[in-house]
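Step one of this worksheet: look at the structure below.
Here the structure is a predicted model, which means the values were calculated and not measured. So you know, we letter chains A, B, ... as the sequences are listed, proteins then strands, and number each from 1. All heavy atoms count here, side chains included; hydrogens, waters and symmetry mates do not.
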Amino acid sequence: MKVGNIDMNKSFEPKILAFLCNWCAYAGADLAGVSRLQYPPTIRSIRVMCSGRVDPVYIIDGLKSGFDSVFVSG
Amino acid sequence: MESIEGDAGNFRVTVRERPRYVDMDKCIACGICAERCPRKVKDEYNQGLSKRKAIYVQYAQAVPLKYVIDADHCIYFKKKGRCKACEKYCPADAIDFTQKEKIHKIEVGSVILSTGFKSFDPSGHDVYGYGSLPNVITSMEFERILSASGPFQGQLQRPSDSEPPQKIAWLQCVGSRDLHAGCHEYCSGVCCMYAIKEAVIAKEHAGSDLDTAIFFMDMRTPGKEFDKYYDRARDEAGVRFIRSRVHSIERAGGPGSDDLRIIYVSEDGKLKEEIFNLVVLSTGLEISEDVRKLAQDLGIELDPHGFAKTSSFTPVATSRPGVFVCGAFAGPKDIPQSVMEASAASSACAVLLADSRNTLTQEKTYPPEDPIIYEEPRIGVFVCHCGINIGGVVDVPAVRDYAETLPNVVYVADNMFTCSQDTQGLIRDAVKENRLNRVVVAACTPRTHESLFQETIRDGGLNPYLFEFANIRDQDAWVHQKEPEKATEKAKDLVRMSVVKAALLEPIEPLLLGNRHEALVIGGGAAGMIAALDLADQGFKTFIVEQKEKLGGYAKYVRKTWKGEDGRAFLANLKERVNGHERIEVLLNTKVSHVSGFVGNFTTTVTTGSAEQELEHGVIILAVGAKSLKPDEYLYKQSDLVMRWHELEELFEKEPERLEESEAVAFIQCVGSREPERPYCSKFCCISSLQQAIDFKTLKPDLNVYILYRDIRTYGQREELYRKARELGVIFIRYSLNEKPVVEEARINGKDKLKITVKDHILGIPLELHVDYLDLATAIIARGEEELAKMLKVPLNEDGFFLEAHMKLRPVDFATDGIFMCGMAHYPKPLEESIVQAKAAAARAASVLIKESVEVEPTVSVVDQEKCIGCGLCEVSCPFMAIHLVKVPGQGYRAENISALCKGCGICAAACPQKAIDMKHFRDRQILAMIEAGGGK
Amino acid sequence: MSKDIKGSVMVVGGGIAGMQSALDLANSGFLVHMVEKSAAIGGVMSALDKTFPTNDCAM
């Protein structure tokens, strides 16, 4: 069965676009690395100087470009 | 170094330069000489576990990266005139056998001795079998075994048969806290932490099946975040900690077995044994004979252990004026403390030589940028292995090859450590040879290393903003360790995203702003006063803002230092110097209410009573201190016989008859520290209680003094206190967190006393102690400076102490430029360490204050006034008041950026309905290109 | 003390402490001469594999 782009028979691994604020979320993601916390390798992050930089257009563009979801953190 | 003549401010130093036999200007470090050299020598850098040649570089990232001939082993020097293979094959004609020793006479104003330590050599101490049992190694050897650049390329294996060990033991206090001949009575202060780290890393290398056990007496992890690391090692990594005394190590099993049997006495006095495949000796730190001799030649006084003699109040000054000391030569210590002392020593020099600043130095210049080079993007991509950190998970060569297929990429390389000095040279050369005009590095994280690579390409003639970082370590290799293929795919995606952004990068001109030369110190305790004095003595006007009605802070409780110096006299003198200094302005009863600005240009509003004033200054030093916990246990506040910290010694000082009438007193350590709620060690409580115990015992030898403790943490040379206390008959009783002592009021022989019940760990039975007084060493806790932290935009750690930019290498800095810290605001610490940190903060602050202008991040907003409709949404949304509407003749209102205030957050750009605002270095088109490249559609 | 104060410092030992002192002094306007007995600076820290607490490489 397919729902939208998603094949429900396969296990769904969403490809995630993350916008990370340089001062907090990006530092947090680095800290996750330092602490060797393991998480799924399907996330692609973009560093911004503030989550306020994330224009709504970026989110739409992310979804249009092939990402399944967009994560803004700051 | 041979000798020093002259006086402080004007020394003549004689230095003997040994010949290298390689011309430094000609050597290109190609390595052909070492390849051809027939003479193999034990590699001391790898602790003798591997071989090098007689011509060699110390290690791959060595600075300078130039070969050197080891004349003690070179065939040419040993058999006059033979061999010369290196000379024959050197393509650069760099070998020069005729070089001679050179004597230099150098004039300097002051000298810093940072000669370091030597690792204790355990050979000759039969207990350990080092030298005769092949699988007994030292901790330094183990460091090299773990290292990707070490003798086994980071493969965990043991020396006897190159097999991976299944069980490894660490033995603590080898050569330290040991009164046997040839050993040292002091604690080396660093071995507990490095042993834990080695055990954790070994498990990281070998997997969780590896069994690791640390045999120890007291676990000494008193530093910042140390106990948390210890807890995690035990509870999460599964490292075993065995409190014991090791009796001996012997070969286990029959012939052919190189396993080892450790025979030890456990805490309850039972003789036990266990077999391990590898034993690591946690060897201590000592001062070498060479350094002792040098000190003697220079007229520097040493303590009985060979460390430079210093006072707690002037911890970086030696006995000879103008000669300073830092690092392990001034006592055993770890890296952050050495780094702080190093900065403190530089501050001491700067105070001494302030009048001659800038007389002998030159400003660094960069090659001019050639605008023509920017026409077509030509990108170079450098992919880092970071030893095994990245290379152990991500297929680095595959990422490199993939990068080569990307548009505009004309050069690719992979490097073992892209951050090393020699790789910076490679990057510069690659830029020049391939006319690169954009550089991408795929490595650790831009947060620590972006500035290094920006500097490198700037040296290569490029604008520093033509650089882009792909984070494939912290956010890839480290977090997907079990999925190497997917981690490699992710690395490729991240490199692709960086490459498309790189192609769209533009050069950005630097933004220079005027710099103020005044300093603001927040907090008037010992740390704040020392920092202010060091700055004022260097010529900088300094404000001290203190909340309370007088200066002094926590230091007023320090009756004497652990070395026995008079703390009160010191503090009185300090206050006098501060109050009398023409360049220091003290504001008492004053609070900071608002801070604005940035490095070089801060404006701080302070409130004294109802009066407000604004201070303008270039830097801020945070020295707000800490306080001690008032506990809700052990009858504190309920019984007059229960006290805290210095209260008991003050009582006995004021009313000596109380001591005279007492039969017994007790101390309970770790009250509120090292508990789930407050999982850190307060660092100097053991020292404080032991000092009091020694004083009481000295004054009244028949007094029973009990110290109820969990680990005695008299780190470094403070171990002397522990020895002295035991000699005087102080009774130490260990308790554990789940069986805390119980304190009750009791009437004994007609006197109000306290009854303490505690389980004795050796006998395993409850003891009942009757004491006249109980003193609690309660936790040192943060003052609760959340508001101040918010005002300054600097972070606090989980425990409420201020969090430095880097635990090891930037221990007094914040990530925010121009703000520094010292003293107990950072972490609980004894007075002498606060003094060191205060001087260090002053040194770091001075390097900002001397500048005529500061360079601020030029990655600010830009407004296209043609598109702007003057709606003002940007102005209302900017948190920094860095963009505003201005009247433009004939057009009405238009937005205008104020670069000096702009932090580059980009909120205005996202808010602008006209897309008239864009951010330098984070332009819409750059981010959109990354999104599209990442999506892959 | 002599009136002619030199604006330079000699740092003896090129380990982590020596390097930090030298950098701070150079950044504060003083000329630094560094003396190191081996063929490269870096000291003991360069030989350490990784360091607490981040387990970053010491290099």
| note | Bottom line for B:Arg16: the part with an atom under 4.5 Å from chain C's heavy atoms is neither
| Considering only heavy atoms, which portion of C:Val9 lies under 4.5 Å from any heavy atom of chain B: side chain, backbone, both, or neither? | both
| task | Using non-hydrogen atoms and a 4.5 Å limit, figure out which bit of B:Val200 sits close to chain C: side chain, backbone, both or neither. | result | side chain
| note | Bottom line for B:Val63: the part with an atom under 4.5 Å from chain C's heavy atoms is both
| field | Distance, nearest 0.5 Å, that separates CG of C:Leu31 from CG of B:Leu353 | value | 11.5 Å
| request: Identify the heavy atoms of B:Val108 and C:Lys6 that sit nearest to each other, and give their distance. | output: C-CB, 3.7 Å
| Reported OG1-to-CE distance for the pair C:Thr51 and B:Met807, which is rounded to 0.5 angstrom | 11.0 Å
| said: Looking at B:Arg18 and C:Ala39, would you say the former's side chain and the latter's main chain have a donor-acceptor pair under 3.5 Å? | reply: no
| Is there a donor-acceptor contact under 3.5 Å from the side chain of C:Ser8 to the main chain of B:Glu107? | yes
| field | Atom group of B:Gln47 that falls short of 4.5 Å from chain C, counting heavy atoms | value | neither
| note | Distance col, row B:Leu146:CG vs C:Leu48:CG, nearest 0.5 angstrom, shows 10.5 Å
| task | Go through the atoms of B:Gln58 and report whether side chain, backbone, both or neither lie under 4.5 Å from a heavy atom of chain C. | result | side chain
| Considering the options B:Ser343, B:Ser847, B:Ser346, which one meets the side chain to side chain contact (heavy atoms under 4.5 Å, CB included) requirement together with C:Leu25? | B:Ser346
| Main-chain N/O of C:Gly13 paired with B:Ser114 side-chain donor or acceptor, under 3.5 Å | yes
| remark: The reported gap from CG in B:Leu360 to NE2 in C:His33 (rounded to nearest 0.5 angstrom) is 7.5 Å
| Would you say C:Ser21's side chain and B:Ala342's backbone share a donor-acceptor pair under 3.5 angstrom? | yes
